[in-house]
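Residue numbering restarts at 1 for every chain, and letters A, B, ... go by the order of the sequence lines.
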There are 2 protein chains.
Amino acid sequence: MSEQTSKHTHVLVIEDQHLMRLALIHELQAALPASIVHGAANVTIALDLLESHQFDLVVIDPGMPGYDPKSQDDRLDVVQVILDLSPDAIHFVVTGSDTDEEWEHCQKLGVVGYLAKNNIRPGALVDVLQEVAERGYSVRLSNETTAPPEFYHSGLTPREQEILGWMRQRPSGISRKEIYEQLGERFDIDAASAEKYYKRARAKLLKTGLLPKGL
Amino acid sequence: MSEQTSKHTHVLVIEDQHLMRLALIHELQAALPASIVHGAANVTIALDLLESHQFDLVVIDPGMPGYDPKSQDDRLDVVQVILDLSPDAIHFVVTGSDTDEEWEHCQKLGVVGYLAKNNIRPGALVDVLQEVAERGYSVRLSNETTAPPEFYHSGLTPREQEILGWMRQRPSGISRKEIYEQLGERFDIDAASAEKYYKRARAKLLKTGLLPKGL
DNA sequence: CAAAATAGGGACAGGGTTGTCCCTATTTTT
DNA sequence: AAAAATAGGGACAACCCTGTCCCTATTTTG
């Protein structure tokens, strides 16, 4: 009962896929700077945590083992149980197989965020949280995006990787310089620094022998 | 055709869930130190990449949009098409809804790794790769593990987070000192350093007001 | 009680990443 | 031909994380 530290947001992520759970936790920590995030790999653990802690935000993947993932009733049961145990928190549902109907059902139960796993990109949770704050809910149904191919080289630093990713999406007709400026704004650094990172990344790729066409 | 750099392992990850794809890419880069990893968010991109590049390892999630994830035929079709385009690579299938039958079908097609998403933990791919190298295949079907609850605080460094995670699983009857020694071996650092990290993590948690019980 | 374990610190070097600033050729655009 | 963009570098400080070593109280265990 003494688990309330006003400074921090207390978050619980219930998701059985380990890598996905860690990724969600990571995203949430980035979106909520002063946060304490708990992870639960199954419903049993989740229930334990819900009984001993007070949470501000609970993220649920209803497709957990022990419940038939194809059974609509089972899925909603999980959500219902968790909502009952954390009436003061706001709740997001994250799922690999989203449907419009399920969102409507969840909404009736009190869920304010419904997110298809293939529509959660890095950084997207900031927008979702803001949308919830402004409109009261946020829905992101499955969406086949035309994302460009990605390229990761073990020798690049995260910054280089990131800058390179953006540069590779440069539309024709836009100069690199303009991209540098956009990146500068976006990451709050000098355009010259962005340029530097891009050049260093390029140099590394050249040295190892391969660079994606059109860089 | 000139895409062969003998030093690097060329990997392709085909997965529509962005966070999962990134996580898999991250895992693969950690497991294969000198690697170049490409990511494809849908089959179209994957086919493009397969035509223009030569890969050593291809990781496929057959549950992609555009194909009915519940249709066994559709799922296997995706796998089949990709195998045809990369006959020299080894292939892993990663899925959120694994079945024994599907593994058998995949195996007949030439797949050597079949992994349920909820059975891939951080670092697990090293073992999978080794098992494939030794036995020719590796299967990890869905498995409800009794993982302990996780705890993440934004103020902790990765090392502190990691050490704390291990310490929290300390069985009763084992002294902290013994854990420090185990951690020292596992991470190839001094037991004293592990102790230091734990203590610092503990101090940080105390300062912010909360620490999980039993730490 | 004596010994071991634990809590709670400080100092310090090394390494990598980040970010800024500056430089010169070469190529492309206007 | 002049101007802008681009390639390809170097130097440098600031910062954080890592890892090692050392220190003193307090608590727990044998």
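Rounding to whole angstrom units, NZ of residue B:Lys199 and P of C:dA7 are separated by 7 Å. One atom, NZ of A:Lys196, and another, P of C:dT18, lie 12 Å apart when rounded to the nearest Å. Whole-Å rounding puts the B:Arg200 CZ to D:dC17 C1' distance at 8 Å. Distance, A:Glu195 CD to D:dA4 P: 16 Å, rounded to whole Å. In this structure, B:Glu181 places its CD atom 13 Å from C1' of C:dA4, rounding to the nearest Å. Here C:dA4 presents its P atom at 20 Å from CD1 of B:Ile179, a figure rounded to the nearest Å. Whole-Å rounding puts the B:Leu205 CG to C:dG9 P distance at 13 Å. Rounded to an integer number of Å, the gap from CD1 of A:Ile174 to C1' of D:dA5 is 14 Å.
Salt-bridge formation is detected for the pair B:Asp61/B:Lys117: a Lys NZ or Arg NE/NH1/NH2 atom is positioned less than 4.0 Å from an Asp or Glu carboxylate oxygen. Comment: B:Glu181 does not engage B:Lys177 in a salt bridge, judged by the lack of any side-chain N to carboxylate O separation of less than 4.0 angstrom.
The listed nucleotides are D:dT18, D:dA7, D:dT20; the one nearest the side chain of B:Ile189 is D:dT20. Closest approach to the B:Asp190 side chain among D:dT20, C:dC21, C:dT18 is made by D:dT20 (side chain taken as heavy atoms from C-beta onward). Nearest nucleotide to the side chain of A:Tyr197, out of D:dT18, C:dG19, C:dA5: C:dG19. Of all nucleotides listed (D:dT6, D:dT20, C:dT6), D:dT6 comes nearest to the side chain of A:Arg176.
Of the side-chain N and O atoms in B:Thr157, none sit less than 4.0 angstrom from OP1 or OP2 of D:dC16. The phosphate of D:dT20 has OP1 or OP2 within less than 4.0 Å of a side-chain N or O from B:Ser193.
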Worksheet entry | CA sep, side-chain torsions, deciding dist, call: A:Thr157, A:Lys204, side chain to side chain contact (heavy atoms under 4.5 Å, CB included) | CA-CA 11 Å; A:Thr157 71; A:Lys204 285 184 185 176; 4.1 Å; yes
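Within 4.0 Å of A:Ala192, counting heavy atoms only, lies no atom of the nucleic acid at all. Heavy atoms of A:Leu206 sit under 4.0 angstrom from primed sugar atoms or phosphate atoms, though from no base atom. Contact annotation for B:Arg202: backbone-only contact, meaning every heavy-atom pair under 4.0 Å involves sugar-phosphate atoms and none involves a base. Nucleic acid contact for B:Tyr198: sugar-phosphate only, since backbone atoms but no base atoms lie under 4.0 Å from a heavy atom of the residue.
Using a 4.5 Å heavy-atom cutoff, the side chains of A:Phe92 and A:Ile60 are not in contact.
With the nearest nucleotide of DNA chain C identified for both A:Ala191 and A:Gly155, A:Gly155 has the one nearer the 5' end.
Taking the six-membered ring where tryptophan is involved, the planes of A:His10 and A:His8 are perpendicular, since the angle between them exceeds 60° and thus also 30°.
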